[in-house]
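Contents: one structure, followed by commentary.
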Amino acid sequence: LMLDREFDGNELHDGVFVSCAGNGTSDTSTVELREALRTRCCMLYLSVHAAGFQDCWQEWAQAEGLPPEVRTFSKLSTDLLARREDFEEQSVYTLRSLALAARILDATRSVKFATDDILLPLLAGCIGKAAAVKLLATIALHENAPSIEQIVADPDGCELPTENSIQIGVTMQIVDALTDKPKQAALMKYLMRMPAEIASYGITFGAKSAP
(Lines give C-alpha, C1' and ligand atoms only; values in the text may rest on other atoms or scores of the structure.)
Protein backbone atom coordinates (compact mmCIF):
# COMPACT_ATOMS: atom_id res chain seq x y z
CA LEU A 1 0.00 0.00 0.00
CA MET A 2 2.82 2.41 0.88
CA LEU A 3 4.97 1.37 -2.10
CA ASP A 4 2.60 0.75 -5.01
CA ARG A 5 -0.50 2.66 -3.79
CA GLU A 6 -2.66 -0.35 -4.60
CA PHE A 7 -5.48 -1.53 -2.37
CA ASP A 8 -7.40 -4.69 -3.19
CA GLY A 9 -6.37 -4.43 -6.85
CA ASN A 10 -7.25 -0.73 -7.12
CA GLU A 11 -4.71 2.05 -7.44
CA LEU A 12 -5.20 4.90 -4.99
CA HIS A 13 -5.75 8.39 -6.39
CA ASP A 14 -2.94 10.94 -5.87
CA GLY A 15 -5.24 12.89 -3.55
CA VAL A 16 -5.57 9.97 -1.12
CA PHE A 17 -3.29 10.02 1.91
CA VAL A 18 -2.58 6.77 3.73
CA SER A 19 -2.57 6.86 7.52
CA CYS A 20 -2.59 4.23 10.22
CA ALA A 21 -2.70 4.11 14.00
CA GLY A 22 -0.89 1.67 16.26
CA ASN A 23 0.13 0.96 19.82
CA GLY A 24 3.58 0.85 21.37
CA THR A 25 5.71 -2.26 20.96
CA SER A 26 5.36 -2.90 24.70
CA ASP A 27 1.67 -3.78 24.16
CA THR A 28 0.74 -7.42 23.71
CA SER A 29 0.60 -8.75 20.14
CA THR A 30 2.01 -5.62 18.49
CA VAL A 31 4.59 -6.04 15.73
CA GLU A 32 7.42 -3.54 15.39
CA LEU A 33 7.49 -1.75 12.03
CA ARG A 34 10.39 -2.54 9.74
CA GLU A 35 12.70 0.27 8.61
CA ALA A 36 11.48 -0.04 5.01
CA LEU A 37 8.02 1.07 6.18
CA ARG A 38 9.23 3.61 8.74
CA THR A 39 11.16 5.49 6.07
CA ARG A 40 7.95 5.83 4.03
CA CYS A 41 5.93 7.34 6.88
CA CYS A 42 5.72 10.38 9.08
CA MET A 43 5.69 8.83 12.56
CA LEU A 44 3.73 10.91 15.10
CA TYR A 45 3.19 10.13 18.77
CA LEU A 46 0.08 10.99 20.77
CA SER A 47 0.27 12.10 24.38
CA VAL A 48 -2.56 12.60 26.87
CA HIS A 49 -0.35 15.24 28.48
CA ALA A 50 0.12 17.32 25.32
CA ALA A 51 -1.19 20.88 25.19
CA GLY A 52 -4.80 20.92 24.02
CA PHE A 53 -5.40 17.21 24.60
CA GLN A 54 -7.74 17.77 27.56
CA ASP A 55 -9.91 20.20 25.56
CA CYS A 56 -10.17 17.68 22.70
CA TRP A 57 -11.14 14.93 25.12
CA GLN A 58 -13.74 17.15 26.77
CA GLU A 59 -15.36 17.83 23.39
CA TRP A 60 -15.46 14.10 22.68
CA ALA A 61 -16.80 13.26 26.15
CA GLN A 62 -19.55 15.85 25.87
CA ALA A 63 -20.58 14.58 22.43
CA GLU A 64 -20.60 11.00 23.79
CA GLY A 65 -22.87 12.04 26.66
CA LEU A 66 -20.47 11.28 29.52
CA PRO A 67 -21.85 12.66 32.81
CA PRO A 68 -20.71 16.19 33.77
CA GLU A 69 -19.23 14.96 37.03
CA VAL A 70 -17.00 12.55 35.10
CA ARG A 71 -15.89 15.37 32.79
CA THR A 72 -15.22 17.56 35.81
CA PHE A 73 -13.15 14.80 37.41
CA SER A 74 -11.10 14.46 34.23
CA LYS A 75 -10.47 18.20 34.12
CA LEU A 76 -9.29 18.25 37.74
CA SER A 77 -7.25 15.03 37.68
CA THR A 78 -4.82 15.28 34.78
CA ASP A 79 -1.98 14.62 37.22
CA LEU A 80 -3.37 11.12 37.87
CA LEU A 81 -3.40 10.08 34.21
CA ALA A 82 -1.15 7.10 33.51
CA ARG A 83 1.99 8.07 31.65
CA ARG A 84 2.81 5.69 28.81
CA GLU A 85 5.02 7.92 26.74
CA ASP A 86 8.44 6.29 26.88
CA PHE A 87 8.36 5.59 23.13
CA GLU A 88 11.50 4.63 21.31
CA GLU A 89 11.93 6.94 18.32
CA GLN A 90 11.02 5.02 15.18
CA SER A 91 11.84 7.64 12.55
CA VAL A 92 15.04 7.06 10.60
CA TYR A 93 17.11 9.63 8.72
CA THR A 94 17.71 8.28 5.23
CA LEU A 95 17.76 10.10 1.90
CA ARG A 96 14.28 8.70 1.24
CA SER A 97 12.85 10.01 4.51
CA LEU A 98 14.63 13.35 3.94
CA ALA A 99 12.81 13.68 0.61
CA LEU A 100 9.53 13.11 2.45
CA ALA A 101 10.47 15.80 4.98
CA ALA A 102 11.20 18.16 2.07
CA ARG A 103 7.69 17.61 0.69
CA ILE A 104 6.20 18.37 4.09
CA LEU A 105 8.32 21.51 4.30
CA ASP A 106 7.03 22.63 0.88
CA ALA A 107 3.46 21.95 1.97
CA THR A 108 3.80 24.08 5.12
CA ARG A 109 4.98 26.98 2.95
CA SER A 110 1.96 26.73 0.65
CA VAL A 111 -0.85 26.73 3.23
CA LYS A 112 -2.55 29.85 4.58
CA PHE A 113 -2.22 29.04 8.29
CA ALA A 114 0.68 29.12 10.72
CA THR A 115 2.71 25.90 10.95
CA ASP A 116 5.40 26.91 13.46
CA ASP A 117 3.80 24.77 16.17
CA ILE A 118 3.66 21.59 14.08
CA LEU A 119 6.71 21.84 11.81
CA LEU A 120 9.27 20.28 14.18
CA PRO A 121 7.16 17.19 15.04
CA LEU A 122 6.26 16.71 11.37
CA LEU A 123 9.90 16.81 10.25
CA ALA A 124 10.97 14.71 13.24
CA GLY A 125 8.29 12.20 12.28
CA CYS A 126 10.17 11.65 9.02
CA ILE A 127 13.87 11.96 9.90
CA GLY A 128 14.04 11.88 13.71
CA LYS A 129 14.26 14.74 16.18
CA ALA A 130 18.03 15.32 16.05
CA ALA A 131 18.05 15.56 12.24
CA ALA A 132 14.89 17.72 12.26
CA VAL A 133 16.46 20.23 14.66
CA LYS A 134 19.55 20.44 12.45
CA LEU A 135 17.39 20.82 9.32
CA LEU A 136 15.53 23.75 10.89
CA ALA A 137 18.88 25.31 11.82
CA THR A 138 19.99 24.90 8.20
CA ILE A 139 16.80 26.60 7.04
CA ALA A 140 17.62 29.50 9.36
CA LEU A 141 21.08 29.74 7.78
CA HIS A 142 19.50 30.04 4.34
CA GLU A 143 17.22 32.80 5.58
CA ASN A 144 20.24 34.76 6.84
CA ALA A 145 22.15 34.39 3.58
CA PRO A 146 22.16 36.96 0.74
CA SER A 147 19.17 36.55 -1.55
CA ILE A 148 19.42 35.77 -5.26
CA GLU A 149 18.05 39.26 -5.98
CA GLN A 150 20.79 40.90 -3.89
CA ILE A 151 23.48 38.83 -5.62
CA VAL A 152 22.21 39.61 -9.13
CA ALA A 153 21.97 43.33 -8.31
CA ASP A 154 25.62 43.54 -7.21
CA PRO A 155 27.63 40.34 -7.79
CA ASP A 156 30.96 42.07 -7.06
CA GLY A 157 29.89 43.96 -3.93
CA CYS A 158 27.29 41.65 -2.39
CA GLU A 159 28.56 40.34 0.94
CA LEU A 160 30.17 36.89 0.79
CA PRO A 161 29.28 34.76 3.85
CA THR A 162 32.29 33.69 5.88
CA GLU A 163 30.64 30.64 7.45
CA ASN A 164 31.10 27.46 5.41
CA SER A 165 27.56 26.19 5.96
CA ILE A 166 26.03 29.46 4.73
CA GLN A 167 28.36 29.46 1.70
CA ILE A 168 27.06 26.00 0.81
CA GLY A 169 23.48 27.16 1.33
CA VAL A 170 23.93 30.15 -0.99
CA THR A 171 25.58 27.92 -3.59
CA MET A 172 22.59 25.53 -3.53
CA GLN A 173 20.27 28.48 -4.19
CA ILE A 174 22.51 29.74 -7.00
CA VAL A 175 22.44 26.29 -8.66
CA ASP A 176 18.63 26.41 -8.71
CA ALA A 177 18.55 30.02 -9.93
CA LEU A 178 20.93 29.38 -12.86
CA THR A 179 17.98 28.20 -14.96
CA ASP A 180 17.05 31.90 -15.29
CA LYS A 181 19.32 32.86 -18.20
CA PRO A 182 19.41 36.67 -17.65
CA LYS A 183 20.78 36.05 -14.14
CA GLN A 184 23.46 33.54 -15.10
CA ALA A 185 26.39 35.93 -15.64
CA ALA A 186 25.92 37.73 -12.34
CA LEU A 187 25.38 34.49 -10.40
CA MET A 188 28.49 32.88 -11.88
CA LYS A 189 30.56 35.98 -11.10
CA TYR A 190 29.45 35.79 -7.46
CA LEU A 191 29.96 32.03 -7.35
CA MET A 192 33.57 32.42 -8.47
CA ARG A 193 34.23 34.50 -5.35
CA MET A 194 33.52 31.44 -3.22
CA PRO A 195 36.29 29.16 -1.91
CA ALA A 196 37.49 26.92 -4.75
CA GLU A 197 35.95 23.69 -3.46
CA ILE A 198 32.50 25.23 -3.05
CA ALA A 199 32.72 27.10 -6.35
CA SER A 200 33.64 23.85 -8.09
CA TYR A 201 30.61 22.13 -6.55
CA GLY A 202 28.35 24.96 -7.74
CA ILE A 203 29.76 24.84 -11.27
CA THR A 204 29.38 21.05 -11.49
CA PHE A 205 25.72 21.03 -10.44
CA GLY A 206 24.96 24.34 -12.13
CA ALA A 207 26.02 22.80 -15.43
CA LYS A 208 23.43 20.08 -14.89
CA SER A 209 20.57 22.53 -14.32
CA ALA A 210 21.74 25.06 -16.92
CA PRO A 211 24.13 23.48 -19.50
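Excluded from the calculations below are hydrogen atoms, water molecules and symmetry mates; all remaining heavy atoms, backbone and side chain alike, are included. Small disclaimer: the values here were computed from a predicted structure and weren't measured.
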TODO: Working to the nearest 0.5 Å, report the span between OG1 of Thr78 and CG of Leu80.
DONE: 8.0 Å

Open item on the list: Could you check whether any side-chain N or O of Thr179 sits under 3.5 Å from a backbone N or O of Asp176, counting only pairs where one atom can act as donor and the other as acceptor?
Closed with: yes

TODO: Taking all heavy atoms of Arg38 and all of Leu33, pick out the closest pair and write down the distance.
DONE: NE-O, 3.1 Å

Open item on the list: Just checking Leu95: does its CG atom have more than 12 heavy atoms from other residues, nucleotides or ligands closer to it than 6.0 angstrom?
Closed with: no

TODO: Kindly indicate whether the side chain of Lys75, heavy atoms from C-beta on, has any atom under 4.5 Å from the side chain of Asp55.
DONE: yes

TODO: For residues Pro161 and Val170, determine if any side-chain heavy atom of one lies less than 4.5 Å from a side-chain heavy atom of the other.
DONE: yes

- [ ] Tell me, please, which residues at least two apart from Phe73 pass ring pair (Phe, Tyr, Trp, His ring centres under 6.0 Å).
- [x] none

Task: With Asp154 via salt bridge (Lys or Arg N to Asp or Glu O under 4.0 Å) - residues at least two apart - done: none

Open item on the list: Please find the pair of heavy atoms, one from Met172 and one from Tyr201, that lie closest to each other, and give the distance.
Closed with: CE-OH, 3.4 Å

Task: Polar side-chain atom of Ser97 near backbone of Thr39 as donor-acceptor pair, under 3.5 Å - done: no

Task: Minimum side-chain heavy-atom gap Gln90-Glu35 below 4.5 Å - done: no

- [ ] Report yes or no: does Arg71 contribute a side-chain atom to a donor-acceptor pair with the main-chain N or O of Ala61 at less than 3.5 Å?
- [x] no

Please table the atom pairs, donor to acceptor, closer than 3.5 Å between any side-chain atom in residues 3-11 and protein atoms at least two apart or in another chain.
from, atom 1, to, atom 2, distance (Å)
Arg5, NH2, His13, O, 2.8
Arg5, NH2, Val16, O, 2.7
Asn10, ND2, Asp8, O, 3.3

Task: Closest approach of Gly202 to Leu191 (non-hydrogen atoms, all atoms of both residues) - done: C-CD2, 3.8 Å

Task: Verify same cluster id: Leu100, Leu136 (apolar side-chain graph, 4.5 Å) - done: no

Task: Common cluster, Leu105/Ile168, ILVMFWY with side-chain heavy-atom separation under 4.5 Å - done: no

TODO: Give, for atom OH of Tyr45 and atom OG of Ser91, the distance between the pair rounded to the nearest 0.5 Å.
DONE: 5.0 Å

- [ ] Kindly say whether Cys158 contributes a backbone atom to a donor-acceptor pair with the side chain of Arg193 at under 3.5 angstrom?
- [x] yes

- [ ] Could you grab the distance from atom NZ of Lys134 to atom CG of Leu141, nearest 0.5 Å is fine?
- [x] 10.5 Å

- [ ] Locate the shortest heavy-atom distance separating Ile174 from Tyr190; write the atom from each residue and the value.
- [x] CD1-CD2, 3.7 Å

Open item on the list: Please report the interatomic distance CG(Leu187) to NZ(Lys181), rounded to the nearest 0.5 Å.
Closed with: 14.0 Å

Open item on the list: Given 3.5 Å as the limit, does a donor-acceptor pair link the side chain of Ser209 with the main chain of Gly206, or not?
Closed with: yes

Task: Set of residues satisfying side-chain contact (heavy atoms from CB on, under 4.5 Å) with respect to Ala132, sequence neighbours excluded - done: Leu120, Leu123, Ala124, Ile127

Task: Heavy-atom check, side chain of Lys183 versus side chain of Ile151, under 4.5 Å - done: no

TODO: For Ser200 and Ala196, indicate whether the former's side chain and the latter's backbone hold a donor-acceptor pair under 3.5 Å.
DONE: no

Open item on the list: Checking Lys208 against Val175 for the side-chain contact (heavy atoms from CB on, under 4.5 Å) test, could you report, in this order, the C-alpha distance in whole Å, the side-chain angles of both residues, the deciding distance, and whether it holds?
Closed with: CA-CA 9 Å; Lys208 295 179 186 297; Val175 166; over 6 Å; no

Open item on the list: With side chain to side chain donor-acceptor pair (under 3.5 Å) as the rule and sequence neighbours excluded, what pairs involving residues 163-175 come up?
Closed with: His142-Gln173, Glu163-Ser165

Open item on the list: Whether the side chain of Tyr93 engages the backbone of Cys126 through a donor-acceptor N/O pair (distance < 3.5 Å, no angle test) should be reported.
Closed with: no

- [ ] Examine Ile104 and Leu37 and state if one hydrophobic cluster contains both, with Ile, Leu, Val, Met, Phe, Trp and Tyr joined whenever side-chain heavy atoms are less than 4.5 Å apart.
- [x] no

Open item on the list: Are Leu122 and Met43 linked, directly or through intermediate hydrophobic residues, by side-chain heavy-atom contacts shorter than 4.5 Å (ILVMFWY only)?
Closed with: no

Task: Pairs touching residues 56-70 that satisfy side chain to side chain donor-acceptor pair (under 3.5 Å), sequence neighbours left out - done: Gln54-Gln58

- [ ] Report yes or no: do Leu44 and Val18 belong to one cluster of Ile/Leu/Val/Met/Phe/Trp/Tyr joined by side chain heavy-atom distances under 4.5 Å?
- [x] no

Open item on the list: Closer than 3.5 angstrom, by distance alone: can the side chain of Ser147 be matched with the main-chain N or O of Gln150 as a donor-acceptor pair?
Closed with: yes

Task: Crowding at CD, Glu197 (>12 non-hydrogen neighbours, <6.0 Å) - done: no

